Amino acid sequence: MWEKREDTIVHEVEPYNAEPSRAALDRALCTPIDTFYSRNHGPVPTIDASTWRLKVDGLVDHELELDLPRLKADFAHREVVATLQCAGARRADLVAIRDIPGEAPWGPCATSTARWAGVALADVLAAAGLQDAAAHVAFEAPDVSDHPTPPQCYGSSVTRRKAASPEVLLAWAMNGEPLPAVHGGPVRVVVPGWIGARSVKWVERVTARLDPSQNYFQQVAYRLLPADADPDHADLDRMPMLSSVALNSDTLVPAPASVVPAGPTEVSGYAYAGDDRSVIRVDVSIDRGQSWRQAELEQDAGDWAWCRWRTLIDLEPSATTVTVRAWDSTGAAQPDTAAALWNPKGYINNAWSHTTFDVEAQ
Ligand SMILES: Nc1nc2c(c(=O)[nH]1)N[C@H]1C(S)=C(S)[C@@H](COP(=O)(O)O)O[C@H]1N2
Ligand SMILES: [Mo]
C-alpha cells in the first residue's frame with residue numbers, strides 16, 4: 001500500500017498508519033520514500049497539482065493566492081534535510097505499562113528523515129506582509145478526520161517565531177521526487193524540530209493569527225496530560241500544547257527478539273534532539289545502565305536531521321539487553337524510566353530504550 005516496503009508495519013489500513021521495520025529504517029541517513037513512516041488522521045486526499053492553490057490570509061497586509069508554478073517562480077528554492085517524528089513514537093513502551101485505548105502502539109520507527117525541497121514559509125509570509133500583531137501561523141488541509149465529533153479537516157499552528165525561521169518549508173519534493181500523496185503532495189508544511197503533527201500535509205491555507213489554531217488537532221489532540229487526567233474531561237487550558245520534539249534515541253539493529261551470533265557485533269540506531277538542540281553524545285549499556293560505553297556518531301546531515309549512532313560490542317551467548325540514552329547540547333540526558341512518563345494519550349516517550357535479543361554461540 002502507498003508503495004511502501006513489504007516489511008512495513010501497518011498499524012491501520014484506513015486511515016493509513018504505518019512505520020518501517022527497524023532494519024529498513026537503519027539503512028540510510030535519508031529514509032527512502034518507500035520506507036518513510038506515514039501518519040494519517042483521515043483518508044489520504046487526492047489533490048490535482050494543477051488546480052491546487054495556497055491561500056495566505058489573516059493578519060497580513062495583502063492576502064495571497066498562489067498556485068504551484070507561482071510558488072516555484074516567486075520565491076527562492078530551499079532544501080533542508082529534516083527528521084520528522086510523531087509525538088506517538090515509542091508509545092508501545094507506554095502501552096506495555098498501562099493500556100492507552102484508541103491510540104496506535106507506535107514503535108521507534110515513527111521517525112524518518114528526508115531531504116525536503118520547497119520555499120521558506122518565512123518568505124511567503126514576508127511577501128504577504130505579516131503584521132506585527134500576528135503571534136501564530138495556522139495551517140489548514142482538506143483531509144477530513146472523524147476523530148473529532150463532528151468530523152473536522154486537519155489543521156494546526158506554530159508560533160510566529162518558528163514560522164519565521166528559515167528551516168520551515170512549504171515543500172513540494174522529498175528526496176528529489178515530487179511529494180507523494182501519502183506524504184502531503186502536492187505541497188506540505190515541514191516544521192523541522194517540532195512534533196510531526198505540526199508539519200501539515202496537503203496544506204491549502206496559511207493564516208496569521210493572534211492565537212493558536214482552533215483546529216481539534218491543535219486544541220484537543222497533542223496536549224500533554226498528567227497521568228491521572230481523563231482525556232475526555234481534562235481542563236485543556238491547563239494542558240500544554242506540544243511543540244518541539246524531546247531528546248530521544250533507540251536501537252534499530254539488532255531487532256528485539258532476534259537471534260544473533262556471538263562475537264563482535266555492530267549495534268546501531270538513531271538519536272534526535274528537536275528544535276535548537278543537537279545530540280552531543282550517545283551512551284550504550286549492556287547491563288541496563290550500570291555502566292556505559294560511548295557510541296560513534298554520524299551527524300553530518302545538518303542541524304535538523306537525526307544523528308545515527310553505532311558501536312561494536314563483543315556479545316557473549318545469553319539473552320542480552322542493549323540500553324541506549326542520548327545527551328543534548330544543553331547537557332540534558334533522556335530520563336531513565338518510561339513509567340514516570342506515562343500519560344493518557346501516550347505522547348513523547350523519551351525514556352531510555354531497552355532492546356532484548358538472544359545471542360547464540362557460533
Ligand atoms: N493534513 C494532515 N497533515 C498531517 C497529518 C494528517 O493526518 N493530516 N498527520 C500529522 C502527523 S501526526 C504526523 S506525525 C505527520 C506524518 O507525516 P508523514 O505521513 O509524511 O510521515 O504528518 C502530520 N501532518
Ligand atoms: Mo504524529
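Remember, predicted model here, so these are calculated numbers, not experimental data. Only heavy atoms go into these numbers, but all of them, side chains included; no hydrogens, no water, no symmetry mates. Just so you know, ligand 1 is whichever comes first in the structure, and atom 1 is the first atom listed for that ligand.
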Ligand 1 contact on [X] by region, counting heavy-atom pairs under 4.0 Å:
{"X": "S199", "value": "backbone"}
{"X": "A197", "value": "both"}
{"X": "Y222", "value": "side chain"}

Looking at [atom], what's its closest protein heavy atom, distance included?
{"atom": "atom 9 (N) of ligand 1", "result": "R39 O, 3.3 Å"}
{"atom": "atom 1 (N) of ligand 1", "result": "D143 OD1, 2.8 Å"}
{"atom": "atom 2 (C) of ligand 1", "result": "Y154 CD2, 3.3 Å"}
{"atom": "atom 23 (C) of ligand 1", "result": "G196 O, 3.3 Å"}

Would you call F217 a ligand 1 contact, heavy-atom distance under 4.0 Å? no
Going by the order shown, which atoms of ligand 1 are within less than 4.0 Å of some heavy atom of [X]?
{"X": "A141", "answer": "1 (N)"}
{"X": "H41", "answer": "5 (C), 6 (C), 7 (O), 9 (N), 12 (S)"}
{"X": "N40", "answer": "7 (O)"}
{"X": "F36", "answer": "21 (O)"}

Heavy atoms only: which of W2, Y37, W106, Y16 lies closest to atom 21 (O) of ligand 1? Y37
Among R188, H147, E140, which one has a heavy atom closest to atom 17 (O) of ligand 1? R188
Is a side-chain donor or acceptor of K345 paired with a backbone partner of Y222 at a separation under 3.5 angstrom? no
Side-chain donor-acceptor contact under 3.5 Å, S285 with D283: no
Considering non-hydrogen atoms only, spot the tightest contact between S353 and D250 and give its length. OG-OD1, 2.7 Å
Would you check if [X] and [Y] make a side-chain contact, meaning some heavy-atom pair closer than 4.5 Å?
{"X": "E204", "Y": "W52", "value": "yes"}
{"X": "D275", "Y": "W194", "value": "yes"}
{"X": "L94", "Y": "Y347", "value": "no"}

If the test is side-chain contact (heavy atoms from CB on, under 4.5 Å), which one of L84, I9, L25, T8 qualifies with Y37? L84
Salt bridge or not between E177 and R115? Use side-chain N to carboxylate O under 4.0 Å. no
Does any N or O atom in K201 lie less than 3.5 angstrom from one in ligand 1, N or O only? yes
Matching residue for H41 among F217, W202, Y216 - test: ring-ring contact (aromatic ring centres under 6.0 Å, His included): F217
Counting only heavy atoms not in D132, do more than 12 fall under 6.0 Å of its CG? no
